[in-house]
Amino acid sequence: MKLLFEKSVEGRGCSILPPLDVPACEPKEKRQAPLRLPQIAEVDISRHYTELAKRTHGVNDGFYPLGSCTMKYNPKINDEMAALPGFAKVHPLQPAHTVQGCLKVLTLAEKYLCEITGMDAMTFQPAAGAHGEFTGLLLIKAYHKSRGDTRRTKIIVPDAAHGTNPASATMAGMQIVNIPSNEEGCVDIEKLKAAVGEDTAGLMLTNPNTVGIFDKNILQITKIIHDAGGLNYYDGANLNAVMGVVRPGDMGFDVIHLNLHKTFSTPHGGGGPGSGPVGCKELLKPFLPLYHAVQTDDGYRFDSPKQSIGSVKAFYGNFAVVVKALTYILTLGAEGIREASQNAVLNANYLKSRLSQWYDIAYDGICMHEFVMTLENLKKEHGVTAMDVAKMLLDNGIHPPTMYFPLIVHEALMVEPTETESKDTLDQAAEVFHAIYQKACEDPEALHQAPTTTPVRRLDEVGAARNPVLKYPF
């Protein structure tokens, strides 16, 4: 399809502005040349984006089992609440007394999310998960600095952690210590004991981890770090498996980030909006970012911790996402939050059991919200890769799972069915996976050619990554 620039026709447009009713003001600084924007009629713009929408695949189109990303259906009432004028039309520079309802939203959301996670305080400034990781690490760094403990510069990161963990730690000025997993896919306790020392600032851990396993040694792991003088950071990206059931704060974690844009009902993907609030225990509360909403006898206002690390984002975070999350929590209640997690785990184990008839599962036993298959044997025996299976799923109306991650599993496909899918959908997906497996054994070349029914065939992804075209060539 053509780009908007290619559809542009000189003189066309759709902006109808009312007559100027204030004195004209000639700006002192003006562009030397007009912006090179496409000139398009409203009907053509509408058709362009409708055409794009028909080429995309989201949870409204079909099954979307993207592992570790929780691409679940989100009730529309949450969007409706965020669109209310009292929330959507406020300005971040308004005085606190004019936005009391918005401040109450922040304090209520903090209260409920702290209850769910076992934390004592929370900031909503971070814009997304990795931004939350970075903020949490700055809190850990500020804590050690306040104690004069400047030797603590190393962050321990297990190899089953999310890929952003080591990147966030590096950005925070920390050194990375990688810990291998044991044969069960969990943290190797002996390797962890050998890695800690007087230079340990903390541990970054995803639990359940990236292979969908809840580490049975979690209390021992956090104690090892605490005994060494470090702090424990919880990557909350997989909280959808345990929210309402267990709390990271009770496991020994001192700081956590949440992905409101996946776990708590804002559509995930497409570039945003995101929200990665960071919760912490009391010992880290003095270092939280500026503009912390608090309730007083005279109403709600913003407070700034005395030892704050400063702002990590303009103003107060992506507020509309917090409204959606609060609506989601109030709608479900404590029992509903717990049931969502339980159903996510049930769905994952059911689909895992179905697919294990044909595909090799990387780790045996009960999984949490997601599981990982390894297609290593399928590749050796028939030359069919994880990429081939993923592309064939597109031909069957299913968005592919996460491919080739985590790196500790060869030819990996990571599947997360989420709690919002029915048994009927899971059974249909299982039959599609079965049919693809049979095709891989009987006609491998068919998978090498997939997808064949999508608007665009298989792309040169390596070429696109190495030579991206990021601007329109006028």
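At most 12 heavy atoms of other shown residues, nucleotides or ligands fall within 6.0 angstrom of atom NZ in Lys104. Heavy atoms of other residues, nucleotides or ligands lying less than 6.0 angstrom from CD of Glu335 number 12 at most. Few gaps surround CZ on Phe214; more than 12 heavy atoms of other groups in view lie less than 6.0 Å from it. The environment of NZ in Lys76 is crowded: more than 12 heavy-atom neighbours from other residues, nucleotides or ligands sit within 6.0 Å. More than 12 heavy-atom neighbours from other residues, nucleotides or ligands sit within 6.0 angstrom of CZ on Arg55. Annotation: Asp364, atom CG; neighbour count of heavy atoms from other residues, nucleotides and ligands within 6.0 Å does not exceed 12. Atom NZ of Lys154 is surrounded by 12 or fewer heavy atoms from other residues, nucleotides or ligands within 6.0 Å. Remark: Lys281 NZ is packed, more than 12 non-hydrogen atoms of other residues, nucleotides or ligands lying under 6.0 Å away.
In summary, Asp79 and Lys324 engage in a salt bridge, as defined by a charged side-chain N under 4.0 Å from a carboxylate O. With salt bridges taken as basic N to acidic carboxylate O contacts below 4.0 Å, one links Lys391 and Glu461. The residues Arg458 and Asp388 are annotated as salt-bridged, a charged nitrogen and a carboxylate oxygen being separated by less than 4.0 angstrom. Arg247 and Glu115 are joined by a salt bridge, as a carboxylate oxygen and a charged side-chain nitrogen come within less than 4.0 angstrom of each other. With salt bridges taken as basic N to acidic carboxylate O contacts below 4.0 Å, none links Glu198 and Arg152.
His226 and Asp254 share a donor-acceptor pair across their side chains, judged by distance under 3.5 Å alone. No donor-acceptor contact under 3.5 angstrom links the side chains of His434 and Gln357, judged on distance only. A donor and an acceptor atom, one from each side chain of Thr107 and Gln295, are nowhere located under 3.5 Å apart. Side-chain atoms of His257 and Tyr233 form a donor-acceptor pair, as typed in the model, at a separation below 3.5 Å. Side-chain polar atoms of Ser356 and Ser353 form no donor-acceptor pair below 3.5 angstrom. A donor atom on one side chain and an acceptor atom on the other are not found under 3.5 Å apart for Lys423 and Asn347. At a cut-off of 3.5 Å, with distance as the only test, a side-chain donor of Glu416 or Thr70 sits close to an acceptor on the other residue. A side-chain donor from one of Gln175 and Thr153 sits under 3.5 Å from a side-chain acceptor of the other. For the residue pair Asn377 / Asp360, a side-chain donor-acceptor distance below 3.5 Å is found, with atom types taken as modelled.
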| said: Working note: Glu419 + Asn240, criterion side chain to side chain contact (heavy atoms under 4.5 Å, CB included); need CA distance, chi angles, decisive distance, verdict. | reply: CA-CA 9 Å; Glu419 74 276 11; Asn240 203 60; 2.9 Å; yes

| Given the rule in the side chain to side chain contact (heavy atoms under 4.5 Å, CB included) test, do Leu326 and Phe264 qualify, once you have shown the distances and angles that lead to the verdict? | CA-CA 8 Å; Leu326 180 60; Phe264 292 96; over 6 Å; no

| message | Determine whether Asp159 and Ser181 satisfy the following criterion, side-chain hydrogen bond (donor to acceptor under 3.5 Å, both in side chains), listing intermediate values before the conclusion. | response | CA-CA 6 Å; Asp159 60 4; Ser181 298; 2.4 Å; yes

| request: Might you work through the side chain to side chain contact (heavy atoms under 4.5 Å, CB included) test for Met251 and Ile221, ending with a clear yes or no? | output: CA-CA 9 Å; Met251 301 178 206; Ile221 291 169; over 6 Å; no

| task | Under the side chain to side chain contact (heavy atoms under 4.5 Å, CB included) rule, what do Leu332 and Arg338 come out as? Steps first, then yes or no, please. | result | CA-CA 9 Å; Leu332 291 182; Arg338 183 184 305 109; over 6 Å; no

| query | Given Asn78 and Ser265, is the side-chain hydrogen bond (donor to acceptor under 3.5 Å, both in side chains) satisfied, shown in steps? | reply | CA-CA 7 Å; Asn78 306 325; Ser265 181; 2.6 Å; yes

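Here the straight-line distance linking atom CG of Leu290 with atom CD1 of Ile309 works out to 8.5 Å at 0.5 Å rounding. The CG atom of Asn259 lies 11.0 Å from the OG1 atom of Thr266; values are rounded to the nearest 0.5 Å. Note that the CD atom of Gln94 and the SG atom of Cys102 stand 7.5 Å from one another [nearest 0.5 Å]. For the atom pair CD (Gln342) and CE (Met243), the distance works out to 10.5 Å, reported to the nearest 0.5 Å. We find the OG1-NZ distance between Thr420 and Lys72 to be 7.5 Å, quoted to the nearest 0.5 Å. Here the OG1 atom belonging to Thr402 is positioned 4.0 Å from the CG atom belonging to Leu66, to the nearest 0.5 angstrom.
Checked against Thr123 for a side chain to side chain contact (heavy atoms under 4.5 Å, CB included), the options Pro305, Pro289, Ser311 give a single hit: Pro289. When each of Leu351, Asn396, Leu355 is tested with Phe433 by the rule side chain to side chain contact (heavy atoms under 4.5 Å, CB included), just one qualifies, namely Leu355. When each of Asn207, Val187, Asn232 is tested with Ile218 by the rule side chain to side chain contact (heavy atoms under 4.5 Å, CB included), just one qualifies, namely Asn207. Checking each of Ile155, Leu137, Val157 against Asn165 for a side chain to side chain contact (heavy atoms under 4.5 Å, CB included) leaves exactly one that passes, namely Val157.
Side-chain contact between Phe134 and Val278 is absent, with no heavy atoms from C-beta onward closer than 4.5 Å. For the pair Pro158/Asn209, no side-chain contact is recorded, criterion being any heavy-atom separation below 4.5 Å from C-beta on. Within the 4.5 Å cutoff, the side chain of Asp120 has no heavy atoms near those of the Lys285 side chain. Between Met403 and Leu413, some side-chain heavy-atom pair lies under the 4.5 Å cut-off. Residues Leu231 and Val255 have side chains not in contact (no heavy-atom distance under 4.5 Å, counting atoms from C-beta outward). Taking 4.5 Å as the limit, some side-chain heavy atom of Phe253 sits within range of a side-chain heavy atom of Met119. Looking only at side-chain heavy atoms (C-beta outward), Gln220 and Ile189 come within less than 4.5 Å of each other.
Aromatic ring pairs are classed by plane angle as parallel below 30°, tilted from 30° to 60° and perpendicular above 60°; the pair Phe405 and His162 is parallel. The aromatic rings of His57 and His399 are tilted relative to each other, their planes meeting at an angle between 30° and 60°.
Between Tyr363 and Phe371, the distance from one ring center to the other does not fall under 6.0 angstrom. Tyr359 and Tyr437 have their aromatic ring centers within a separation under 6.0 angstrom.
Ser341 and Ala241 make their closest contact through CB-O, 3.6 Å (heavy atoms, listed as atom of the first residue, atom of the second, distance). The two atoms that bring Pro417 and His369 nearest to each other are CD-O, 3.7 Å, heavy atoms only.
The salt bridge (charged side-chain N to carboxylate O under 4.0 Å, His left out) test applied to Lys145 returns no partner, not counting sequence neighbours. Here Lys216 pairs with Glu184 under the salt bridge (charged side-chain N to carboxylate O under 4.0 Å, His left out) rule; sequence neighbours left out.
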